[in-house]
Amino acid sequence: MKAAVVYSSKTGFTKKYAEWIAEDLSLEAHDLQTSDHLKEVLSGVDTLIFGGGLYAIGINGLKKLLDDNQTGSISNIFVFCTGLSLRSEEVQREIFENNLKDVEKINVRLYYYRGGFDYQKLNLMDRLLMRILKLKIEWKKNKGPLSSDEKGMLAVFHRKVDFTDRKLIRELVEDVRSLQPKRDGFSDNM
Ligand SMILES: Cc1cc2nc3c(=O)[nH]c(=O)nc-3n(C[C@H](O)[C@H](O)[C@H](O)COP(=O)(O)O)c2cc1C
């Protein structure tokens, strides 16, 4: 087995998980956005562990990686993503449907971890999107009850929060070690 860890992280939360995973598997974590030797990193790799932050339910960087056709020799992809939503099977199913449903010919398994939020590190576009989202939630608040994710979003807006938890990577690390991706494509350890 030849494996590689690649991540795409805007504010550092996914990077943290990628580095923990790489450390446990005695590999290096490579940044998709800045690595100028990604082709070499992926050359001959049959197992890829890829991580990206969730932005409007999309996994940052995943499309770029798949579209650039850099996954030629890869037969297993372990995708992890980080977001603010609480962990649940429903959230994981929604992420799978939005990002991985159409990936064929490769064994894909998805893991969702809670990341965090750091407004100060966001680029201008993401700050704008967050402000729009905040306005929408505030408007909704006047009309009726909010979901726990919406309440959570309002609560973290003005301060840095970090929900990262190293324990969460155990399942992925064990799965990579034993290389037995499950048939239904997503983790059942919620
Ligand atoms: C514009 C924007 C959209 C986001 N959309 C989602 C989302 O759909 N679901 C979610 O759980 N978290 C969402 N988040 C929170 C990020 O996924 C979370 O901060 C993540 O841990 C960031 O990872 P990164 O720093 O590695 O990029 C969003 C954050 C921003 C700024």
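One-based numbering, in listed order, for ligands and for the atoms of each. Bear in mind the structure is a predicted one, so any value in this text is a computation, not a measurement.
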Is there a side chain to side chain contact (heavy atoms under 4.5 Å, CB included) between Met130 and Met153? Walk through the geometry before answering. CA-CA 9 Å; Met130 283 310 290; Met153 191 63 91; 3.3 Å; yes
Test side-chain hydrogen bond (donor to acceptor under 3.5 Å, both in side chains) on Asp149 and Ser85 and set out the steps. CA-CA 6 Å; Asp149 276 354; Ser85 299; 3.1 Å; yes
List the steps, then state whether salt bridge (Lys or Arg N to Asp or Glu O under 4.0 Å) holds for Asp162 with Lys16. CA-CA 11 Å; Asp162 184 345; Lys16 201 163 159 187; 2.7 Å; yes
Lys141, NZ atom: more than 12 neighbouring heavy atoms under 6.0 Å: no
Describe, in one word, how the ring planes of Tyr119 and Phe117 are oriented to each other, choosing from parallel (under 30°), tilted (30 to 60°) and perpendicular (over 60°). tilted
Can you confirm whether the side chains of Thr11 and Asp118 place a donor and an acceptor under 3.5 Å from each other? no
Using a strict cut-off of under 4.0 Å between a residue heavy atom and any atom of ligand 1, list the qualifying protein residues by chain and number. Ser9, Lys10, Thr11, Gly12, Phe13, Thr14, Gly53, Leu54, Tyr55, Ala56, Ile57, Thr82, Gly83, Leu84, Ser85, Tyr112, Gly115, Gly116, Leu122, Asp126, Leu129, Met130
